[in-house]
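Naming convention: chains lettered A, B, ... in sequence-line order (proteins, then strands); numbering from 1 in each chain.
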Amino acid sequence: MEKLLVKEILSCQSPYKNVRVEGWVRTRRDSKTFSFIEINDGSCLKNLQIIIDVTLSDYTNINQLTTGSSVAVFGKLVESVGKGQKWELQADGIKLIGASDTSYPLQKKGHSQEFLRDIAHLRPRSNIFGCIFRLRNRLSYAVHNFFQERNFILVHTPIITASDCEGAGELFRVTTINGKLNGIEDNGIDYSKDFFARPTYLTVSGQLEAEIFASAFTKVYTFGPTFRAENSNTSRHASEFWMIEPEMAFCDLEGNMDMAESLVKYLVQDTLVNCDEDLQLFTRFIDKDLLKRLNFVLDKPFERITYSDAVNILKKSGQKFKFPVSYGSNLQSEHERFLTEKHFKRPVTVFNYPRAIKPFYMRLNENGKTVRAMDVLVPGIGEIVGGSQREERLDVLLDNFKTHHLDPKEYWWYLELRKYGTVPHSGFGLGFERMLMFLTGIPNIRDVIPFPRTPGSADF
RNA sequence: UGCCUGGUAGCUCAGCGGUAGAGCAGGUGGCUGUUAACCACUUUGUCGCAGGUUCGAAUCCUGCCCGGGCAGCCA
């Protein structure tokens with residue numbers, strides 16, 4: 001007797017005599033002389049229909065085989081007499097493994113995403129979350145494929161870090177000091193006595209460490225969790241999220257933008273090819289235009305404009321914005337939306353931002369006013385990629401430390417990369433969950449991450 | 001963190017000053033190679049919490065808690 005997943009069974013080419021399958025009951029329909037049971041084991045969206053005849057000795061417990069209970073079935077795989085499915089399993093035996101009473105929250109009807117979010121321990125068993133997390137799995141795989149095919153080296157950058165990257169301040173502190181942190185003041189705390197003998201934090205980016213490895217392996221990437229302690233309450237921010245950060249030596253901003261564009265396109269293409277079943281469900285229940293949009297993204301090159309061109313387009317648009325457009329300030333969400341959703345109607349890469357609104361490590365342009373930063377904006381989500389060419393000139397970098405009030409001693413190793421064999425290099429961060437939102441049409445980041453962490457919420 | 005909005009049955013929601021409703025789920029019976037099955041009957045509530053106004057509050061007011069949207073921060 002061969003034990004198979006539902007996915008394997010449904011892709012069988014011919015009838016099968018002795019097959020065993022395990023899963024959770026999705027629905028049962030009783031007839032006079034037999035019952036239909038549909039089971040799902042998460043291997044695919046579709047359920048396997050099981051036929052249980054009244055004459056079967058196991059039929060006596062049929063009432064216990066309720067929605068949500070786990071079962072093991074063995075029998076014959078035969079072509080279905082009924083419409084709607086090719087195969088069905090004619091049970092020779094069915095065993096209840098774990099019962100599920102009537103309080104099981106997942107019904108056969110649709111549930112709101114908000115309700116399912118509250119039962120994150122059960123929502124993977126729903127159709128929609130099954131699709132989301134299977135797609136998430138495939139997307140991780142595709143990310144690695146993309147980079148491995150291009151000879152990038154995967155580097156595991158640290159989760160615990162002593163550098164706060166750009167002095168942003170919104171970091172989670174890592175400490176073993178107890179009790180004294182309740183007050184706002186931490187001036188009295190002697191961090192030399194703490195576990196790492198200095199203040200430490202959860203990483204907000206693996207970029208600086210990735211730069212180290214790019215300075216040895218030429219092309220590297222990271223793919224790991226990232227933590228931001230900002231009190232952000234939006235549908236596209238989480239306190240813990242996953243980020244993909246390639247870093248490339250001997251690469252300028254052009255090459256960086258090319259890489260970001262081809263990565264995004266590769267991931268769209270891979271999803272279209274490998275997650276068709278899931279995408280159909282999202283198109284049906286979440287976003288009617290999803291498939292159309294994904295195909296559209298593949299067909300056309302991303303629009304590429306400088307920050308100052310973007311500002312001019314916005315100014316000339318005649319569009320009324322809540323926040324005025326002015327050169328020198330950050331583009332607001334509404335501005336980004338206008339560019340990508342209304343003006344260009346496709347992903348837009350904006351590059352060469354004013355120096356003052358970008359961090360210390362971005363490479364200064366010859367004009368002395370702008371830096372080689374770039375953001376990829378996509379319809380519906382906004383910023384999905386943020387990156388730059390890095391400042392490789394030691395003197396310019398030191399100058400940046402001054403204007404950003406950073407202590408060069410804290411970054412001595414970062415500066416030494418510029419001292420010993422410095423090289424033009426570039427990289428970017430792609431928000432994994434934001435990519436998932438784009439690919440699924442799911443509007444809330446909390447629904448594309450298995451157990452979301454957001455301000456005030458860290459259940460499960 | 002600010003602004004907006006919501007919290008009524010297990011789920012989705014109606015009721016918006018006169019004392020609790022519908023659909024679905026659950027239960028019972030029937031019917032059927034069914035498939036978000038169908039038909040009939042049927043159980044279920046501190047109306048988020050606390051206070052106030054009122055003869056009377058799910059309904060109006062205040063505070064708090066929780067959800068959602070938007071903005072900022074960004075990926």
Enquirer: Give one of base, sugar-phosphate or nothing for A:Ile244, where a contact means two heavy atoms less than 4.0 Å apart.
Expert: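 The residue A:Ile244 makes no contact with any strand.
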Enquirer: Just N and O in the side chain of A:Arg228: are any of them under 4.0 Å from OP1 or OP2 of B:C74?
Expert: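 No, A:Arg228 has no side-chain N/O under 4.0 Å of OP1/OP2 on B:C74.
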Enquirer: Ring-plane angle category for A:Phe460 and A:Phe451, please: parallel below 30°, perpendicular beyond 60°, tilted otherwise.
Expert: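 Because their plane-to-plane angle lies in the 30° to 60° range, the rings of A:Phe460 and A:Phe451 count as tilted.
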Enquirer: Please classify the nucleic acid contact of A:Glu88 as base, sugar-phosphate, or nothing, using heavy-atom distances under 4.0 Å.
Expert: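 Since a base atom lies under 4.0 Å of A:Glu88, the category is base.
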Enquirer: B:A37 C1' sits how many Å from A:Asn47 CG, rounded?
Expert: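 Checked: the CG to C1' distance equals 15 Å.
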Enquirer: Under 4.0 Å between any heavy atoms, over every strand shown, what does A:Gln49 touch: base, sugar-phosphate, or nothing? Just pick one.
Expert: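 Base contact.
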Enquirer: For residues 92-120 of chain A, which residue pairs qualify under ring pair (Phe, Tyr, Trp, His ring centres under 6.0 Å), counting only residues two or more places apart or in two chains?
Expert: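 Checked against ring pair (Phe, Tyr, Trp, His ring centres under 6.0 Å) - neighbours excluded - the pairs reaching residues 92-120 of chain A are A:His111-A:Phe115.
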Enquirer: Could you go through nucleotides 70-72 of chain B and list every protein N or O atom that sits under 3.5 Å from one of its N or O atoms, giving the distance for each pair?
Expert:
from  : atom 1 : to       : atom 2 : distance (Å)
B:C70 : OP2    : A:Ser235 : OG     : 3.1
B:C70 : N4     : A:Asn233 : O      : 2.9
B:A71 : OP2    : A:Arg236 : NH1    : 3.4
B:A71 : N6     : A:Asn233 : O      : 3.3
B:G72 : OP1    : A:Gln332 : OE1    : 2.7
B:G72 : OP1    : A:Ser333 : N      : 3.1
B:G72 : OP2    : A:Ser333 : OG     : 3.0
B:G72 : O6     : A:Asn233 : N      : 3.3
B:G72 : N2     : A:Asn231 : O      : 3.3

Enquirer: Between A:Asp287 and A:Arg293, is there a side-chain N and carboxylate O pair less than 4.0 Å apart?
Expert: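 Counted as a salt bridge, because a side-chain N and a carboxylate O are separated by less than 4.0 Å.
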Enquirer: Side-chain N or O of A:Arg446 less than 4.0 angstrom from OP1 or OP2 on B:G68?
Expert: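 Yes, A:Arg446 has a side-chain N/O under 4.0 Å of OP1/OP2 on B:G68.
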Enquirer: Between A:Asp118 and A:Asp375, which is nearer to the 5' end of RNA chain B once each is assigned its nearest nucleotide?
Expert: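 The 5'-side residue here is A:Asp118.
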Enquirer: Output one line per pair: protein atom, nucleotide atom from nucleotides 12-15 of chain B, and distance, for all N/O pairs under 3.5 Å.
Expert:
from  : atom 1 : to       : atom 2 : distance (Å)
B:U12 : OP1    : A:Ser112 : OG     : 3.0

Enquirer: Decide, yes or no, whether a salt bridge links A:Arg29 with A:Glu38 under the criterion of side-chain N to carboxylate O below 4.0 Å.
Expert: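 A salt bridge links A:Arg29 with A:Glu38.
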Enquirer: Within a 6.0 Å radius of atom CD on A:Glu8, are there more than 12 heavy atoms belonging to other residues, nucleotides or ligands?
Expert: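 Enclosed: over 12 neighbouring heavy atoms sit under 6.0 Å from CD of A:Glu8.
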Enquirer: Under the criterion side-chain hydrogen bond (donor to acceptor under 3.5 Å, both in side chains), which of A:Asn400, A:Thr403, A:Thr370 is the partner of A:Arg355?
Expert: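 Filter result, single survivor: A:Asn400.
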Enquirer: Pairs in or reaching into residues 66-76 of chain A: which pass side chain to side chain donor-acceptor pair (under 3.5 Å), with residues at least two apart or in two chains?
Expert: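 Sorted pair list: A:Lys76-A:Asp92.
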Enquirer: Write out all pairs satisfying salt bridge (charged side-chain N to carboxylate O under 4.0 Å, His left out) with one or both partners inside residues 122-133 of chain A, taking only residues at least two apart or from two chains.
Expert: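 Checked against salt bridge (charged side-chain N to carboxylate O under 4.0 Å, His left out) - neighbours excluded - the pairs reaching residues 122-133 of chain A are A:Arg123-A:Asp447.
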Enquirer: Mind calculating the distance between CZ (A:Phe428) and C1' (B:C74) to the nearest angstrom?
Expert: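 Atom-to-atom, A:Phe428 to B:C74, this comes out as 16 Å.
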Enquirer: Restricting to non-hydrogen atoms, name the atom on A:Val376 and the atom on A:Ala260 that form the minimum distance, rounded to 0.1 Å.
Expert: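 Answer, listing the atom of A:Val376 first, then A:Ala260: CG2-CB, 4.3 Å.
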Enquirer: Is any NZ, NE, NH1 or NH2 atom of the basic residue among A:Arg390 and A:Glu247 found under 4.0 Å from an Asp or Glu carboxylate oxygen of the other?
Expert: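 Counted as a salt bridge, because a side-chain N and a carboxylate O are separated by less than 4.0 Å.
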Enquirer: Identify whether any heavy atom of A:Phe432 sits under 4.0 Å from a base atom; if not, whether one sits that close to sugar-phosphate; answer base, sugar-phosphate or nothing.
Expert: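 Answer is nothing: A:Phe432 stays at 4.0 Å or more from every strand.
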Enquirer: Expressed in whole Å, how much space separates the C1' atoms belonging to B:U8 and B:A58?
Expert: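 Result for the C1' pair: 7 Å, nearest Å.
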Enquirer: Would you compute the distance between atom CD of A:Gln85 and atom CZ of A:Phe36 and round it to the nearest 0.5 angstrom?
Expert: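 Between A:Gln85 CD and A:Phe36 CZ, I get 8.0 Å after rounding to 0.5 Å.
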Enquirer: Going from CE on A:Met259 to CD on A:Glu261, what distance comes out if it is rounded to the nearest 0.5 angstrom?
Expert: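 The distance works out to 11.5 Å.
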Enquirer: For B:A37 and A:Thr27 - does any side-chain N or O of the residue sit under 4.0 Å from the phosphate oxygens OP1/OP2?
Expert: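 Yes, such a contact exists.
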Enquirer: I'd like to know if A:Glu240 pairs up with A:Arg228 as an ion pair, taking the criterion as any Lys NZ or Arg NE/NH1/NH2 lying under 4.0 Å from an Asp or Glu carboxylate oxygen.
Expert: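 No salt bridge links A:Glu240 with A:Arg228.
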Enquirer: Shorter than 3.5 Å, N or O on both sides, protein versus nucleotides 41-49 of chain B: list them out with atom names.
Expert:
none

Enquirer: CZ of A:Phe241 versus P of B:A75: gap in Å, rounded?
Expert: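 Going from A:Phe241 (CZ) to B:A75 (P), I get 7 Å.
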Enquirer: Rounding to an integer number of angstrom, what distance separates B:U59 and B:A40 when you compare their P atoms?
Expert: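 One P to the other, the span is 36 Å.
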Enquirer: Just name whichever nucleotide pairs with B:U59, Watson-Crick or G-U, keeping both distances under 3.5 Å, else none.
Expert: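 Pair assignment: B:U59 / none.
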Enquirer: Pick the nucleotide of RNA chain B nearest each of A:Ile357 and A:Pro455; which residue has the one closer to the 5' end?
Expert: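 Whichever sits nearer the 5' end wins; that is A:Pro455.
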Enquirer: Does B:G2 have a Watson-Crick or wobble mate here (both distances under 3.5 Å), and if so which one?
Expert: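 Looking at the geometry, B:G2 pairs with B:C70.
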Enquirer: Is the phosphate of B:G68 approached by A:Arg117 (side-chain N or O, under 4.0 Å from OP1 or OP2)?
Expert: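 Yes, such a contact exists.
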Enquirer: When all nucleic acid strands are considered with a 4.0 Å heavy-atom cut-off, which category describes A:Gly82: base, sugar-phosphate, or nothing?
Expert: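 Counting heavy atoms under 4.0 Å across all strands, the contact made by A:Gly82 includes a base.
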Enquirer: Partner of B:C24 by Watson-Crick or G-U wobble geometry, both contacts under 3.5 Å, or none?
Expert: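 WC or wobble partner is B:G10.
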Enquirer: Under 4.0 angstrom, heavy atoms only, what part of the nucleic acid is A:Ile445 near: base, sugar-phosphate, or nothing?
Expert: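 The residue A:Ile445 makes base contact.
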